[in-house]
Amino acid sequence: MRMSQLFGRTLRQAPAEAETVSHQLLLRAGMIHQVAAGVYSCLPLAWRVLRKIEQIVREEMDAAGGQELMMPVLQPLEMWQETGRDVAFGENLFTLKDRRQRRLCLGPTHEEVIVDLVRRHVRSYRDLPLLLYQIQTKFRDEPRPRGGLIRVREFTMKDLYSFDADEAGLEVSYQKMMAAYRRIFLRCGLPTLAVEADSGAIGGKDSHEFMVIADSGENQVLHCSRCGYAANAERAESLKPSPPPQDRLLPLQEVATPSVKTIAQLAHFLNMPPSRTLKAVFYVADGELVFVTIRGDLEVNEIKLKRALGAMDVRLANEDEVKRAGLVAGSASPVGLSDIRRVADLSISSGANFAVGANKEGYHLVNANYPRDFQVDLMADIALAEVGHGCPKCQTPLQGSRGIEVGHVFKLGTFFSEKLGATYLTAEGVQKPIVMGCYGIGIGRLLAAAIEQNHDNRGIIWPAPIAPYHFHICALGAENPPVVASAEELYRRLQSSGLEVLLDDRDESAGVKFNDADLLGIPYRLVVSPKTVANGVVEIKERREKEPTLVPLEQAVDYVKACLQ
RNA sequence: CGGGGUGUAGCUCAGUUUGGCUAGAGCGCAUGGUUUGGGACCAUGAGGCCCCCAGUUCAAAUCUGGGCACCCCGACCA
């Protein structure tokens, strides 16, 4: 490709709306253009990268036994009503009506469609296992698109679905995919961390996210440097710090605590650490007010709470709802309460003689102990794991990082096959639901993550396997006939050797060409100038390196080919 | 949905507080010339629905009301 012909223009300054590095560089390199919030056009350079990533993904999916197919974006809403996921997705689902007023949606994912397809074709255990995938556009009306290609409303995703006869089969498929994912990200030049993840309302037991560690990541990841435990903070377990030991249980006692509202104030007022207090937090779970109690030094993890309650939707209660339930915010506790659902974190039984609210404005109780002084309806781990807590496996303090989720694998179990009647006959002639898994990779997000991970202050540094071109020839002196002739010949020779080459044949100064080359981040830069022509050499520099190598012109093609090995 | 912010040339931004002549700068773009190893220089030029609608006024980029879009934080995100 000739730079003089390439569609897209580089920018010296990044548009003001871009904040994350990948977003800025994609805009400055002229690779993407925003059409609406979370909706982008990809210009030729970006499209080449996306196709390369897709191809790597495709090869690995095929190698793992996957079969590629293609399903529609446009889907009848009825299918979603059958599984109840129209409600689960809620506003995130783009819906529309056709001319006959039939309701449709733009697929945010394809479980419904593929299960509908598979149930018509799979009859017997002999038809299993099956691994089917597509690389397809998805639509999700995200509440807040952000970070350029990091979080968008229309995006390309590879989604593979596994169909097995039983849990053991699912485990095999799951491990195959985990291994394939590792290879994919490795081939794309991206170090990733597989972390335990929340599987959501639908998912089964196991789920892993593949995280690219980057400061711009949206996810908090906790990991243990000793045993390798790693989990999304949404789901991580941890050993909490121990509160001061208590010799014996003391009698419950009321104390006046004028204008004490927060845990910090209470701890200060009573001169005890927050870990000797219990805090009350009020949530609304699927419309029902829930009273949540947790040790004062810990935070509630809403996702764990949601899972513990088996709720579709959990949110903090507002002031009104709290008042109407007769609760005293700032002085609430489960002591003496019974007409409301009470949930507690396991931490309330680690420690003793807690300070809690008296359910009376201006008063608290000291020496509250579970279960002596109060009961709960549900006790579970609903605490947010934090950096510094102990690793649940080996007790080492957990470390934290930010991560970009580029892949996610789930064990779905039989949720969809049961809802939609996807069954098979066992060798014994028994009808059973198919056991499913699903496995996604965001192609565009992977591109963005690759930039987040591979750049310097001059621009992008593409990992070679996904670079839009491998070689970038800078012809310095576009009006100098020997230089032009030499650059053109080099360009032809590289191309006819099957190499992907970008030729900067523009009438621009050396500075402009070098800066653009650094910005675009092609792995190897080849300089042809009056000097190199006079010496019969070409100057070859790796994007990551500082110093170039001089290579005799006649050896250039061989040298360059060897670079790619 | 809550909080904050921004909409003026392709990009970055001034001008809006205190209404007033033909709306500006830098970069980019076009043409010509001089340059050519890290974003060169000179000259000339093109380019504007000042986000939209309504209002106030002799007069609105500027004031008022309403709307829209985009960005950031949070909520949310099988």
Side-chain angles (χ1 to χ4, degrees), chain A residues 8-20 23-24 27-28 30 33-39 80 83-93 107-112 138 140-148 150-153 155 157 159 161 197-204 207 209 216 218-219 232 234 283 302-303 306-307 312-316 318 405 408-413 415-416 419 436-440 442 458-459 474-480 483 504 506-519 525 527-533 539 541 546 548:
Chain A
R9 178 187 302 288
T10 57
L11 299 175
R12 284 194 196 194
Q13 288 174 297
E17 76 252 20
E19 209 144 278
T20 54
H23 191 192
Q24 290 181 349
L27 288 168
R28 283 190 53 210
H33 175 257
Q34 181 168 10
V35 176
V39 181
W80 290 76
T83 55
R85 288 214 304 169
D86 55 331
V87 177
F89 262 93
E91 299 246 271
N92 265 25
L93 203 58
T109 172
H110 282 73
E111 281 84 0
E112 279 78 2
K138 311 282 188 195
R140 296 182 188 179
D141 196 358
E142 296 286 347
R144 185 146 95 80
R146 71 185 108 182
I150 301 277
R151 185 166 214 89
V152 288
R153 298 192 297 169
F155 58 99
M157 182 171 165
D159 46 324
Y161 304 89
D198 179 62
S199 46
I202 312 295
S207 171
E209 288 166 338
S216 56
E218 299 180 285
N219 302 278
N232 191 316
E234 288 178 350
Y283 285 91
E302 291 186 18
I303 295 182
K306 189 162 146 184
R307 197 168 33 197
M312 291 289 262
D313 178 58
V314 165
R315 60 169 174 83
L316 276 172
N318 59 39
E405 176 194 350
H408 200 163
V409 297
F410 281 90
K411 287 185 182 170
L412 291 176
F415 177 87
F416 290 96
K419 289 259 185 201
M436 287 180 64
C438 84
Y439 315 84
R458 299 187 154 278
C474 289
L476 303 187
E479 78 308 322
N480 181 321
V483 169
D504 194 344
R506 297 172 304 169
D507 182 12
E508 290 288 355
S509 70
V512 169
K513 292 190 179 188
F514 287 151
N515 278 296
D516 276 348
D518 288 342
L519 176 59
R525 186 187 77 187
V527 174
V528 178
S529 70
K531 266 191 275 179
T532 66
V533 170
E539 179 188 300
K541 187 183 89 69
K546 231 177 155 67

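Letters A, B, ... are given to chains in the order of the sequence lines, protein chains preceding strands, and every chain is numbered from 1.
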Check your understanding: Of all the nucleotides listed (B:rC76, B:rG38, B:rC70), which has the minimum atom distance to the side chain of A:Pro143?
Key -> B:rC76
Point to revise | Closest-nucleotide 5' rank along RNA chain B - winner of A:Thr532 and A:Val35 | key: A:Thr532
Review point. Quick one: are A:Leu476 and A:Val527 in side-chain contact, heavy atoms under 4.5 Å?
Key: yes
Practice item. Please determine, for B:rU36, whether a Watson-Crick or G-U wobble partner exists with both distances under 3.5 Å, and give it or none. Key: none
**Study point:** B:rA25 versus B:rC21 - spacing of their P atoms, nearest Å
**Key:** 16 Å
Review point. Ignoring hydrogens and angles, are the base of B:rG37 and the side chain of A:Glu539 linked by a donor-acceptor pair under 3.5 Å?
Key: yes
**Study point:** Complementary nucleotide for B:rA54 - Watson-Crick or wobble, under 3.5 Å
**Key:** B:rU64
Exercise for review: Determine the interatomic distance between P on B:rC13 and the same-named atom on B:rG7; round to the nearest Å.
Suggested key: 9 Å
Practice item. Give a yes or no on whether the backbone of A:Asn92 and the side-chain of A:Arg140 come within a donor-acceptor separation of less than 3.5 Å. Key: no
Review point. Hey, does the side chain of A:Gln24 reach the backbone of A:Ala18 with a donor-acceptor pair shorter than 3.5 angstrom?
Key: yes
Check your understanding: Is a donor-acceptor pair below 3.5 Å formed from side chain A:Arg28 to base B:rG28, judging by atom type as modelled?
Key -> no
Exercise for review: Give one of base, sugar-phosphate or nothing for A:Lys513, where a contact means two heavy atoms less than 4.0 Å apart.
Suggested key: nothing
Practice item. Looking at every strand, decide which applies to A:Gly84 at a 4.0 Å heavy-atom threshold: base, sugar-phosphate, or nothing. Key: nothing
Exercise for review: In whole angstrom, give the distance that lies between atom CD of A:Glu17 and atom C1' of B:rU12.
Suggested key: 12 Å
Study note, to complete from the structure: Partner of B:rC76 under the Watson-Crick or G-U wobble criteria, both distances under 3.5 Å, comes out as none
Practice item. Measure from CZ on A:Arg315 to P on B:rG74 and round the result to the nearest Å. Key: 20 Å
Check your understanding: Between atom CD in A:Gln13 and atom P in B:rA14, what is the gap in whole Å?
Key -> 12 Å
Review point. Can you check whether A:Glu302's main-chain N or O pairs, donor with acceptor, with A:Tyr283's side chain at less than 3.5 Å?
Key: no
Exercise for review: Round to the nearest Å and state the distance from A:Asp86 atom CG to B:rA78 atom P.
Suggested key: 15 Å
Practice item. Check whether any side-chain heavy atom of A:Pro145 sits under 4.5 Å from a side-chain heavy atom of A:Phe155, and report yes or no. Key: no
Point to revise | Main-chain N/O of A:Ala37 paired with A:Arg153 side-chain donor or acceptor, under 3.5 Å | key: yes
**Study point:** Nucleotide opposite B:rA69 in a Watson-Crick or G-U pair, distances under 3.5 Å
**Key:** B:rU6
Point to revise | Pairwise 5' ranking along RNA chain B for A:Pro145 and A:Leu519, keeping only the more 5' one | key: A:Leu519
Practice item. Using Watson-Crick or G-U wobble geometry with both distances below 3.5 Å, tell me the partner of B:rA46, or none. Key: none
Practice item. Select one nucleotide: of B:rG37, B:rC76, B:rG28, the one nearest the side-chain heavy atoms of A:Arg146. Key: B:rC76
Point to revise | Between B:rG74 (P) and A:Glu142 (CD): distance, integer Å | key: 15 Å
Point to revise | Given B:rA75, B:rC71, B:rG39, the nucleotide with the shortest approach to the side chain of A:Asp516 | key: B:rG39
Check your understanding: Which listed nucleotide (B:rU12, B:rU36, B:rG39) is nearest to the side chain of A:Val512?
Key -> B:rG39
Check your understanding: In terms of side-chain heavy atoms of A:Ser529, which of B:rG37, B:rA78, B:rG26 is nearest?
Key -> B:rG37
Check your understanding: Would A:Arg28 and A:Thr10 count as a side-chain contact (heavy atoms from CB on, under 4.5 Å) if you check the C-alpha gap in whole Å, the side-chain angles of each, and the deciding distance to 0.1 Å?
Key -> CA-CA 5 Å; A:Arg28 283 190 53 210; A:Thr10 57; over 6 Å; no
Practice item. Report yes if at least one side-chain N or O of A:Thr109 is closer than 4.0 Å to OP1 or OP2 of B:rA78; otherwise report no. Key: no
Review point. Across the strands shown, which category fits A:Glu91 at heavy-atom distances under 4.0 angstrom: base, sugar-phosphate, nothing?
Key: nothing
Check your understanding: Which listed nucleotide (B:rC71, B:rC11, B:rG38) is nearest to the side chain of A:Arg458?
Key -> B:rG38
Check your understanding: A:Glu111 has a side chain; which of B:rG39, B:rA78, B:rU12 sits nearest to it?
Key -> B:rA78
Review point. Roughly how many Å is it from CZ in A:Arg506 to C1' in B:rG38, rounded to a whole number?
Key: 14 Å
Point to revise | Heavy atoms of other groups near A:Glu91 CD, more than 12 under 6.0 Å | key: no
Point to revise | For B:rG24, the Watson-Crick or wobble counterpart (both distances under 3.5 Å) | key: B:rC13
Exercise for review: Let me know the distance between CG of A:Asn92 and P of B:rA75, rounded to the nearest Å.
Suggested key: 15 Å
Review point. If you check the A:Glu508 side chain, which of B:rA40, B:rC29, B:rG38 turns out closest?
Key: B:rC29
Review point. Taking the side chain of A:Glu302 as heavy atoms from C-beta outward, which of B:rC13, B:rU35, B:rC76 is closest to it?
Key: B:rC76
Review point. Is any side-chain N or O of A:Arg144 closer than 4.0 Å to OP1 or OP2 of B:rC72?
Key: yes
Practice item. Tell me what A:Ala14 touches on the nucleic acid: a base, only sugar-phosphate, or nothing, going by heavy atoms under 4.0 Å. Key: sugar-phosphate
**Study point:** Interatomic distance, A:His408 NE2 vs B:rA78 P [rounded to whole Å]
**Key:** 10 Å
Exercise for review: Describe the nucleic acid contact of A:Cys474 in one word from base, sugar-phosphate, nothing, applying a heavy-atom distance below 4.0 Å.
Suggested key: nothing
